[in-house]
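What follows is a short report on a single structure.
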Amino acid sequence: MRMEEIVLLKLLRQELTGAYRSLSDKETESVDWRLLAELAGRQGVLPLLYDPLTKDVHVPLEIQKTTADAAKKTALQNYRLLFLSRYLLDRLVHAGIPAVLLKGASAACSYPTPELRKSGDVDILLLEPEKLAQACEVLETCSFQKKEGTQMQHHVTYCTEEGIETELHTMLAEPFDHTRINQYLQKQLAVCREQMVYRELMGVRLPVLSDGDQAYGLLIHMLQHYLRAGFGLKLLCDWTVFWNRKPPKEAAEHYLKLIQDSGLKGFSDTITEACCLYLGLQKEAVCWMDSGGKKGAARELMADILEGGEFGRSSSERMVSLRSRGVRAYVREFHHQMCLSYPKGSRYRVLWLMLWTATLIRFLHNNRRVRKTTALAVIRKAGQRSRLTAEMELWKY
């Protein structure tokens with residue numbers, strides 16, 4: 001790791017755990033604070049460093065001001081999103097549509113200073129997916145505009161006049177290239193509905209998932225991004241502070257059952273080991289974790305996260321991580337991307353050849369015109385990242 005990465009992880013560890021220790025002379029003399037701030041910004045965690053970067057005499061005034069501005073902007077935005085979330089959830093519940101807040105304030109409430117956890121939109125999970133059309137009508141009566149060209153298989157996006165996005169989700173994540181996990185996620189919604197709770201988040205009472213389902217939702221969210229371009233340190237910070245507050249034993253047992261039933265134990269253990277190694281997650285808070293043989297994968301995962309940035313956008317070659325290795329894995333992923341791009345048409349086998357062709361043309365066009373890269377570079381990067389996926393034993397039951 002570069003010195004800036006080492007110091008960034010140390011500062012985050014201190015901020016998340018409250019165990020403050022001065023940096024060594026070697027670290028303060030060797031680190032480039034401008035590069036560290038840029039790295040933190042790309043990872044979506046610069047606001048979290050408000051205290052350490054604005055109170056350390058070694059940090060240049062320019063970097064202190066940049067960090068303070070980011071923290072102020074994030075805090076104001078979080079309160080705007082918080083009250084918007086309450087307004088929308090109240091309207092949905094009043095209309096007879098059970099729903100909970102995903103991420104956002106429900107993740108931020110575990111932080112020492114919740115206002116500094118960066119969030120960009122409002123994510124609402126509909127616990128009765130069949131009421132999606134009714135939920136859309138509710139948002140439209142609130143003067144929200146549907147964002148065209150963004151309807152996915154698992155969410156619909158609406159925007160306020162000021163450009164704030166709200167996503168109505170009908171699943172915890174978009175469909176994976178795995179029929180069993182997709183069916184499991186659909187069935188899990190009924191359990192989420194039965195176990196949903198109301199909590200005070202940053203002074204506002206809102207409906208959220210129970211602790212066990214909340215943890216599972218955080219993990220599924222990380223997995224979804226990992227199998228695409230990747231995810232950043234912010235999601236690992238969410239994981240660390242969630243478990244460090246030591247949820248009830250029943251919540252941990254429920255979570256353990258969920259990951260075992262859905263074949264995600266290896267992925268969960270790798271994520272958790274990385275947080276223990278680098279961000280101060282207490283091992284006694286995650287006694288369900290089996291860290292045997294996962295330290296190497298955890299270090300590789302951290303390298304992938306540091307390289308990729310908040311949403312894996314550090315390079316145009318980062319598009320997907322294959323679930324396995326070999327030619328068959330590439331074919332499966334290509335077919336999966338076709339199904340995601342054409343959710344209705346892909347239901348009919350007779351259309352597959354045409355849709356495969358359309359998917360290939362779009363892939364080649366986007367690589368050349370949008371991402372400014374080549375198909376070969378994307379394929380090579382996917383192959384490299386698939387090695388780590390195999391080490392995490394994804395979908396192993």
Side-chain angles (χ1 to χ4, degrees), residues 82 85-86 88-110 119 121-136 138-139 152-157 166-176 178-201 204-225 235 238-239 241-243 245 247-265 267-268 271 288 395 397:
L82 176 67
S85 301
R86 183 178 69 173
L88 293 176
L89 286 164
D90 284 349
R91 295 296 300 266
L92 290 171
V93 172
H94 181 72
I97 306 171
V100 295
L101 181 67
L102 286 179
K103 299 174 289 183
S106 63
C109 68
S110 297
S119 185
D121 57 12
V122 175
D123 292 277
I124 294 175
L125 175 64
L126 305 179
L127 299 178
E128 294 181 2
E130 64 274 12
K131 293 186 177 180
L132 175 60
Q134 187 180 345
C136 290
V138 171
L139 264 66
M152 308 288 286
Q153 294 189 56
H154 74 301
H155 78 257
V156 179
T157 303
T166 293
E167 294 181 355
L168 296 177
H169 295 256
T170 56
M171 291 178 63
L172 284 170
E174 73 175 26
F176 293 100
H178 199 289
T179 303
R180 178 172 173 176
I181 185 65
N182 293 334
Q183 294 173 344
Y184 187 78
L185 289 176
Q186 290 176 338
K187 292 178 181 178
Q188 189 58 30
L189 276 181
V191 179
C192 292
R193 184 170 63 247
E194 294 173 1
Q195 298 184 354
M196 64 166 283
V197 295
Y198 276 82
R199 283 212 176 92
E200 189 171 292
L201 310 177
V204 176
R205 190 169 179 267
L206 292 174
V208 296
L209 297 172
S210 67
D211 280 337
D213 290 327
Q214 171 89 339
Y216 189 62
L218 291 174
L219 186 80
I220 286 290
H221 183 58
M222 284 189 279
L223 176 60
Q224 175 182 310
H225 281 290
L235 299 189
D238 289 348
W239 194 248
V241 295
F242 175 86
W243 286 107
R245 67 177 174 83
K249 180 181 178 182
E250 296 75 17
E253 291 174 347
H254 178 56
Y255 169 74
L256 181 59
K257 182 178 185 304
L258 290 172
I259 59 175
Q260 289 175 335
D261 289 349
S262 51
L264 299 179
K265 184 67 164 59
F267 181 72
S268 173
I271 293 291
W288 44 264
W395 315 126
Y397 295 94

Tyr255 ring center within less than 6.0 Å of Trp239 ring center: yes
Ser106/Leu201 under side-chain contact (heavy atoms from CB on, under 4.5 Å): CA gap, chis, key distance, verdict: CA-CA 7 Å; Ser106 63; Leu201 310 177; 4.2 Å; yes
Spacing of Thr170 atom OG1 and Leu127 atom CG [to the nearest 0.5 Å]: 11.5 Å
Chi angles and distances behind the side-chain contact (heavy atoms from CB on, under 4.5 Å) call for Ile97, Glu128: CA-CA 7 Å; Ile97 306 171; Glu128 294 181 2; 5.9 Å; no
Working for side-chain contact (heavy atoms from CB on, under 4.5 Å), residues Leu209 and Leu172: CA-CA 11 Å; Leu209 297 172; Leu172 284 170; 4.2 Å; yes
Shortest non-hydrogen contact between Asp261 and Arg180, atoms and distance: O-NH2, 3.8 Å
Heavy-atom closest pair, residues Phe242 and Gln214: CE1-CG, 3.6 Å
Ser119 to Gly104 - nearest heavy-atom pair and separation: OG-CA, 3.8 Å
Pairwise distance NE2(His169) to OG1(Thr157) - rounded to 0.5 angstrom: 7.5 Å
Check: Leu139 and Leu88 side chains under 4.5 Å, non-hydrogen atoms: yes
Spacing of Ile220 atom CD1 and Asp213 atom CG [to the nearest 0.5 Å]: 11.5 Å
Criterion side-chain contact (heavy atoms from CB on, under 4.5 Å) on Glu253 and Leu256, from CA distance to verdict: CA-CA 5 Å; Glu253 291 174 347; Leu256 181 59; 5.7 Å; no
Ile259 CD1 to Lys265 NZ distance, which is reported to the nearest 0.5 Å: 5.5 Å
Minimum heavy-atom distance between Ser110 and Arg245, given as atom pair plus value: OG-NE, 2.9 Å
Main-chain N/O of Glu174 paired with Gln224 side-chain donor or acceptor, under 3.5 Å: yes
Spacing of Leu125 atom CG and Lys103 atom NZ [to the nearest 0.5 Å]: 10.5 Å
From Ile271 atom CD1 to Trp243 atom CH2, the distance as rounded to the nearest 0.5 Å: 13.5 Å
Asp123 side-chain N/O to Glu167 backbone N/O, donor-acceptor pair under 3.5 Å: no
Leu258 to Gly212 - nearest heavy-atom pair and separation: CD1-O, 4.0 Å
Residue that, paired with Asp211, satisfies side-chain hydrogen bond (donor to acceptor under 3.5 Å, both in side chains) out of His254, Arg199, Gln195: Arg199
Which residues share a salt bridge (charged side-chain N to carboxylate O under 4.0 Å, His left out) with Asp90, sequence neighbours left out: none
Closest contact, heavy atoms only, Lys131 versus Gly96: NZ-O, 2.7 Å
Note, Pro129 side chain near Leu189 side chain (heavy atom, < 4.5 Å): yes
